[in-house]
Amino acid sequence: MAKKEAVKKEEVVEQPQREIKILYLASECQPFCATGGLGDVMGSLPKSMKAIHPEVDVRVMVPLYSDIKQEYKDMMSFVGYTYVDLAWRRQYCGVFELVQEGVTYYFLDNEYYFKREGHYGYFDDGERYAFFSKAALAVLPLLGYIPTIINCNDWQTALVPVYLKTLFHDEYYCNIRTVFTIHNIAYQGKYDPAILGDVFGLGEESRSIVAYDGCINLMKGAIVCCDVLTTVSPTYAEEIKTPEYSYGLHYIIKQNAYKLRGIINGIDVAFYNPETDKSIFVQYNGKNLDAKAENKKQLQQMLNLPVNENVPMVSMITRLVDLKGIDLLIQTVDELMKNHLQLVILGKGDARYEDILRSFENRYPNKVRIIIAFNQDLSRKIYAASDIYLMPSRTEPCGLAQMIASRYGTIPVTRETGGLNDSIIDFGTGHGNGWTFKNYNARDFLYVVRNAVEVYNNHKDAWVDLRKIVYNTDFSWEKSAKEYWKMYETLI
Ligand code: GLC
């Protein structure tokens, strides 16, 4: 009898739960170093993951760029250093650490690669991020840390799944699973086949992993080697299987579709909050959205536009590149200017777009302002002051600006592509939160923008109701972070 009981007891002894450790790797992360949406996602997804699963160990690793603000550098502590072999070079790699909201952030230090102005655009970007990817794995023993899952993001970290299948497959590394997330398939990390060994440190036997279409294609290597492939919206996950959207990678995406998922991003609703935002002229919330008018008046003053709270302010905050649909805007500006509105554009990019947009400001000095810059502070002022936000993107993997605009009570006008299609539904459906158009052409775009302006100018009551719906749309991370968790669970 006693024996039987003892057996029973043994049966109920629980196995110690394995601690889940997730490491996010990326080339940017808010608020330390960010130039776009990837930085926003890295600044918010890990924190949300920690908030919904406090028991999970969540860490993030980025390069220690020299232009990270001193106030953050002062908060970091030095953990240690090692050397990383990159083909024939031996490079120092220091590790700094900072903990915020339960998430540990590591910054990898090498002044030769990262003591430069800005993040990207150097002749040796391939080598810089190969170093970062290799160093991210090489420093793990120094940290005494073996992640359960490494979630890599975009081409800059695409070599990590490749290295784990080639150079780093010993006992220490062999149980690490990888997720590769595509934030934009347009940027793949394509290089000359000749630099396989010299820059990436890979042997001839690994060439087929990264070889594609006559080049070394780092993103292709990651797609093939990762355990799960994700992208930033369900619609984009379908689009990248087609030649129109894949920038040549649709064959590889289709071959690997069995492990592909689209999970839409959220935004950090505390970081973007008109109630607490110090950058905007007057704070507000859902109960006093009319305070947007005061923000508009002060922005008009600042930009030297006629001050009039009743003119609809239409805005765009974007990189000035083809993908963002700038050509649709250019084709329609003259028609749009026949309407009672003001147009404010903040962005930087292709010189030809900058020049054309400047010429519009010269032609319509009382209606158009173009500010050629990236400027966080001004962008928030524009989100708060505007009535209508334009996103006519040719392709948009997810898009965050439509969510940020909504958070500031500004109604988005979007094209039905990628994440825009998954986040903004046309008011015409009866359960919408913006205005949308489908085909990429100037006439359809003009039609919806005019419609939005017409509602603003002539149906004020309806406008106030629609604005409330938009403001109340929930774009917080919670739902999406749970989706990420479900995906991670399949790997554990
Ligand atoms: C890229 C995409 C954008 C997406 C962002 C974050 O910048 O172009 O659509 O929102 O990454 O995933």
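Positions are given from 1, in the same order as the sequence printed here. Atom set for the values below is all heavy atoms of this structure, side chains included, hydrogens, waters and symmetry mates excluded. Read the numbers this way: they start at 1 and go in the same order the structure lists the ligands and their atoms.
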Participant: Using every non-hydrogen atom in the two residues, find where Pro274 and Ile280 come nearest and quote the distance to one decimal.
Facilitator: O-CD1, 3.5 Å
Participant: With respect to Arg319, determine whether any N or O atom, backbone or side chain, lies less than 3.5 Å from an N or O atom of ligand 1.
Facilitator: no
Participant: So, taking the atom named OG1 in Thr104 and the one named CE in Met61, what distance separates them when rounded to the nearest 0.5 Å?
Facilitator: 10.0 Å
Participant: What distance do Leu346 atom CG and Ile371 atom CD1 have between them, rounded to the nearest 0.5 Å?
Facilitator: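 Result: 5.5 Å between the selected atoms.
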Participant: Val232 heavy atoms, cut-off 4.0 Å: which ligand 1 atoms fall inside?
Facilitator: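 Matching atoms, with element in brackets: 12 (O).
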Participant: Suppose we call two aromatic rings close when their centres sit under 6.0 Å apart. Are Phe32 and Tyr105 close by that rule?
Facilitator: yes
Participant: Measure the distance from atom 9 (O) of ligand 1 to every protein heavy atom, then report the residue, atom name and distance (to 0.1 Å) of the closest one.
Facilitator: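 Its nearest protein heavy-atom neighbour is Glu396 OE2, 2.6 Å.
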Participant: What are the atoms of ligand 1, with element, lying closer than 4.0 Å to any heavy atom of Val41?
Facilitator: 6 (C), 12 (O)
Participant: Quick check on the 6.0 Å ring-centre criterion: do Tyr191 and Phe200 meet it?
Facilitator: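 Yes, close enough.
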Participant: At less than 4.0 angstrom from any non-hydrogen atom of Asn265, what atoms of ligand 1 do you find?
Facilitator: 6 (C), 10 (O), 12 (O)
Participant: Show the atoms of ligand 1 that are less than 4.0 angstrom away from any heavy atom in Gly37.
Facilitator: 5 (C), 6 (C)
Participant: Looking at Phe281, does the NZ or CZ of Lys381 lie under 6.0 angstrom from its six-membered ring centre and within 45 degrees of the ring axis?
Facilitator: yes
Participant: What is the nearest protein non-hydrogen atom to atom 8 (O) of ligand 1, stated with its residue, atom name and distance?
Facilitator: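 Among all protein heavy atoms, the one nearest atom 8 (O) of ligand 1 is Asn184 ND2, 3.2 Å.
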Participant: Which residue owns the protein heavy atom closest to atom 2 (C) of ligand 1, what's the atom, and how far is it?
Facilitator: His183 O, 3.2 Å
Participant: Less than 3.5 Å between some nitrogen or oxygen of Lys324 and one of ligand 1, yes or no?
Facilitator: no
Participant: For Phe427, does the six-membered ring have the charged nitrogen or CZ of Arg467 within the cation-pi criterion, i.e. under 6.0 angstrom from the centroid and within 45° of the normal?
Facilitator: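 Because its charged atom misses either the 6.0 Å distance or the 45° angle limit, Arg467 does not stack over Phe427.
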Participant: Output the list of atoms in ligand 1 that are nearer than 4.0 Å to some heavy atom of Gly399, sorted by atom number.
Facilitator: 3 (C), 4 (C), 9 (O), 10 (O)
